[in-house]
Amino acid sequence: MLNDNLNNSPEIQNDYIKLIAEIMEIRKRGEVPLAYIRTYGCQQNVADSEKIKGMLSMCGYEFTDNPNNADFILFNTCAVREHAEDRVFGNVGALKSLKRKHPSVLIALCGCMMEQEHVANKIYKSFPFVGLVFGTHCMHIFPQLLYKSLVDGKRVFERDNDDLLVHEGIPVRRDGSFKGWLPIMYGCDNFCTYCIVPYVRGRERSRESSVILQEAKNMIDAGYKDITLLGQNVNSYGKGLEEKITFAELLKKIDDIEGDYLLRFMTSHPKDCTKELIDTMASGKHISKHLHLPFQSGSDRILKLMNRRYNVEKYLSIIDYAKSKIPDVSLTSDIIVGFPGETYEDFKQTLELIRKVEFTSLFTFIYSPRVGTPAAKMDDPIPYEEKSKWFSELLAVQEEIAAKRCAAMVGTTQRILIEGETGKDGMLAGRTSGNIVVELPGDKNTIGTFQNAEITEARNWILRGKLL
Ligand code: SAH
Ligand code: SF4
Ligand code: F3S
């Protein structure tokens with residue numbers, strides 16, 4: 001008999017999966033229970049949702065895109081910026097009427113937002129129709145929590161139940177059949193002063209390389225063509241493991257697996273990015289020529305306030321080395337505009353840096369204060385409207401650079417993974433090794449395969465091509 005204590009053992013969680021499967025078998029009377037999962041935030045959350053889907057699938061659930069048909073609704077949430085949280089609150093509020101129409105539906109919330117006490121309390125008080133809430137540290141006990149909700153019918157709120165181990169053996173149900181995520185580590189120890197991630201994802205911990213290699217091999221054998229290794233700071237992979245291994249060594253070991261596939265990784269932190277990593281990229285057989293290296297700000301003063309632990313000179317030295325070793329390298333980055341205390345002079349240094357590096361594309365954000373982070377307590381005198389103006393200026397400069405970079409690719413031949421149809425008649429969309437989108441006419445039977453294409457045209461930052 002299973003007791004009520006929350007239990008980390010994968011065997012016990014499997015027992016709960018079996019119990020739920022039995023309940024579902026009795027309840028459904030010919031109808032399969034349906035789950036609707038909505039994922040917010042980054043690829044880490046996407047990968048977590050794929051595990052939750054794996055567990056639900058073993059419990060007997062199938063999946064629907066329509067929440068109105070679902071027996072179980074789950075939002076996997078993101079806390080990185082206020083806007084992300086507002087969207088979740090708005091969409092959860094909208095479920096109230098659905099619950100009224102279908103009282104038997106179980107509504108659940110999980111992910112990064114739920115690791116914050118003030119958020120979980122708000123959900124508890126303001127959204128009584130939410131029956132199950134669990135944080136990122138409780139994902140491995142999801143079967144037990146679901147069982148409790150289904151059997152007891154009481155509200156279950158659980159967070160922070162973790163010994164911060166890596167939990168292996170959770171089944172994964174991947175969304176894509178040729179493009180997939182492979183987490184190599186969890187958590188973050190960097191505590192950049194603006195960032196909530198270390199608080200909601202816990203301490204940095206790496207998976208054993210043998211487990212990662214086996215999973216990569218299984219994915220390649222199953223036909224995956226585009227595999228992205230995931231971690232908040234992949235460059236510090238291996239810290240705390242018994243075996244001595246760096247990220248570059250792990251990458252090389254995976255790259256040695258035979259097959260026709262492309263290997264990507266994210267995110268690299270400049271403070272830990274090594275020449276060894278760039279050399280491995282340059283000599284790799286399968287490694288994409290894309291380096292996503294967030295610099296956040298072009299001002300040393302702001303980088304220090306952000307606790308990023310590198311300066312512009314160090315950042316540019318990595319970029320120069322990457323350009324010298326990988327001439328066609330595609331560089332992308334994340335930038336925050338309007339960090340507390342940032343002046344227009346600081347911001348101009350960010351513009352200067354993007355002009356120097358010439359990134360293929362950028363992920364740009366206006367600073368958003370997060371409760372509990374050091375930056376949220378810093379003086380922030382610049383009004384949001386002013387920050388928005390700087391932000392628009394940044395976008396305009398980057399648009400010019402991206403257009404120039406794309407135009408320089410016209411006439412080149414690129415190996416492209418065809419990913420799907422564009423929606424326009426007979427047009428397909430794919431990605432280069434550098435992760436740039438290319439639209440081209442072709443047969444949809446080529447979706448999921450690599451094809452050589454000549455780039456014929458650049459329209460701002462979208463490339464057009466023809467299959468060779
Ligand atoms: N681990 C990754 C990034 C994770 S979060 C790294 O270190 O690069 C993704 C991006 O969101 C960050 O790179 C940063 O640019 C942005 N971000 C994080 N916290 C933010 C905040 N409070 N306000 C605005 N942008 C933020
Ligand atoms: Fe956040 Fe910094 Fe960790 Fe990235 S490295 S997740 S920005 S604390
Ligand atoms: Fe958001 Fe959590 Fe990722 S806060 S960005 S989903 S790690």
Side-chain angles (χ1 to χ4, degrees), residues 38-50 52 75-88 109-116 119 135-137 139 159 181 183-205 229-237 239 265-273 291-298 302-303 305-310 315 332-340 342 350 354 359 361-378 380 384 387-388 390-391 394:
R38 178 162 182 177
T39 308
Y40 299 80
C42 70
Q43 287 79 8
Q44 304 273 346
N45 257 15
V46 175
D48 282 355
S49 288
E50 292 183 339
I52 291 168
F75 287 179
N76 188 2
T77 63
C78 169
V80 80
R81 282 171 292 276
E82 196 178 353
H83 176 66
E85 293 200 337
D86 287 348
R87 270 177 60 213
V88 171
L109 302 174
C110 71
C112 295
M113 269 173 85
M114 302 306 133
E115 277 303 331
Q116 303 177 96
V119 174
T136 58
H137 300 332
M139 219 195 34
R159 51 176 202 91
W181 314 108
I184 62 165
M185 60 205 293
Y186 305 102
C188 180
D189 280 351
N190 290 311
F191 290 95
C192 303
T193 52
Y194 50 81
C195 184
I196 195 73
V197 172
Y199 305 89
V200 294
R201 285 267 166 188
R203 296 291 57 74
E204 184 180 297
R205 53 220 185 267
L229 309 180
L230 290 183
Q232 293 298 350
N233 174 13
V234 290
N235 302 102
S236 70
Y237 172 79
K239 240 180 18 191
F265 54 91
M266 69 189 298
T267 298
S268 286
H269 193 303
K271 84 178 161 64
D272 298 313
C273 189
L291 182 61
H292 179 61
L293 196 63
F295 71 88
Q296 312 297 357
S297 166
I302 297 299
L303 286 173
L305 288 173
M306 288 177 163
N307 189 31
R308 288 290 287 181
R309 286 176 277 173
Y310 54 83
Y315 185 83
T332 58
S333 196
D334 294 352
I335 297 176
I336 296 177
V337 173
F339 183 82
E342 181 172 338
T350 295
I354 67 170
F359 293 96
S361 61
L362 289 177
F363 299 87
T364 45
F365 311 102
I366 295 184
Y367 168 74
S368 168
R370 306 285 64 214
V371 174
T373 60
K377 296 189 200 87
M378 294 178 190
D380 192 3
Y384 191 84
K387 293 181 183 182
S388 296
W390 301 357
F391 188 76
L394 176 68

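As the structure lists them, so they are numbered: ligands from 1, and atoms in each ligand from 1. These numbers come from a predicted model, not from an experiment.
- Considering only non-hydrogen protein atoms, atom 1 (Fe) of ligand 3 sits nearest to C78 SG, 2.4 Å.
- Among protein heavy atoms, atom 4 (C) of ligand 1 sits closest to Q232 OE1, 3.4 Å.
- Both the backbone and the side chain of C42 come within contact range of ligand 3, each with a heavy atom under 4.0 Å.
- Ranking protein heavy atoms by distance to atom 5 (S) of ligand 1, first place goes to V80 CG2, 4.0 Å.
- Heavy atoms of P294 found under 4.0 angstrom from ligand 1 belong exclusively to the side chain.
- Within the listing of ligand 1, atoms 24 (C) sit less than 4.0 angstrom from a heavy atom of I366.
- Under a 4.0 angstrom heavy-atom cut-off, R201 registers as lying outside contact with ligand 2.
- A donor-acceptor pair shorter than 3.5 Å can be found between the side chains of N76 and S49.
- Using a 4.0 Å cut-off between heavy atoms, H269 contacts ligand 2 through its side chain alone, with no backbone atom that close.
- Distances from atom 10 (C) of ligand 1 to the heavy atoms of L362, T373, D334 show the closest one on D334.
- Residue, atom and distance of the protein heavy atom nearest to atom 19 (N) of ligand 1 are Y194 CD1, 3.3 Å.
- Residue contacts with ligand 3: Q232 is included, with a non-hydrogen atom under 4.0 Å away.
- Less than 4.0 angstrom separates some heavy atom of S368 from each of these atoms of ligand 1: 21 (C), 22 (N), 23 (N), 24 (C).
- Counting non-hydrogen atoms of neighbouring residues, nucleotides and ligands closer than 6.0 angstrom, the CZ atom of F191 exceeds 12 such neighbours.
- Taking atom 2 (Fe) of ligand 3 as the reference point, the nearest protein heavy-atom neighbour is C112 SG, 2.2 Å.
- The closest approach between any non-hydrogen atom of I336 and ligand 1 is below 4.0 Å.
- For atom 16 (C) of ligand 1, the nearest protein heavy atom (residue, atom name, distance) is R81 NH1, 3.2 Å.
- Protein heavy atom nearest atom 8 (S) of ligand 2, with residue, atom name and distance: C192 N, 3.3 Å.
- Using a 4.0 Å cut-off to heavy atoms of R308, the atoms of ligand 1 that qualify are 7 (O).
- Against a heavy-atom cut-off of under 4.0 Å, R370 is close to the following atoms of ligand 1: 22 (N).
- Put simply, no part of V197 is less than 4.0 Å from ligand 1, judged by heavy atoms.
- With 3.5 Å as the limit, one finds no donor-acceptor pair spanning the side chains of H292 and T267.
- Checked by atom type, the side-chain pair E342/S297 shows no donor-acceptor distance below 3.5 Å.
- Distance from atom 7 (S) of ligand 2 to its nearest protein heavy atom, with residue and atom name: Y194 OH, 3.3 Å.
- Contacts between P294 and ligand 2 below 4.0 angstrom, taking non-hydrogen atoms only, are absent altogether.
- Ranking the protein heavy atoms by distance from atom 1 (Fe) of ligand 2 puts C195 SG, 2.3 Å first.
- N190 and K271 form a side-chain donor-acceptor contact under 3.5 Å, judged by distance and modelled atom types alone.
- Ranking protein heavy atoms by distance to atom 4 (S) of ligand 3, first place goes to A79 N, 3.3 Å.
- Between F359 and F295, the distance separating the two ring centers is shorter than 6.0 angstrom.
- Counting heavy atoms under 4.0 Å from ligand 2, residue F191 touches it through the backbone alone.
- Within ligand 1, the atoms closer than 4.0 Å to a non-hydrogen atom of Y367 are 23 (N), 24 (C), numbered from 1 in the order shown.
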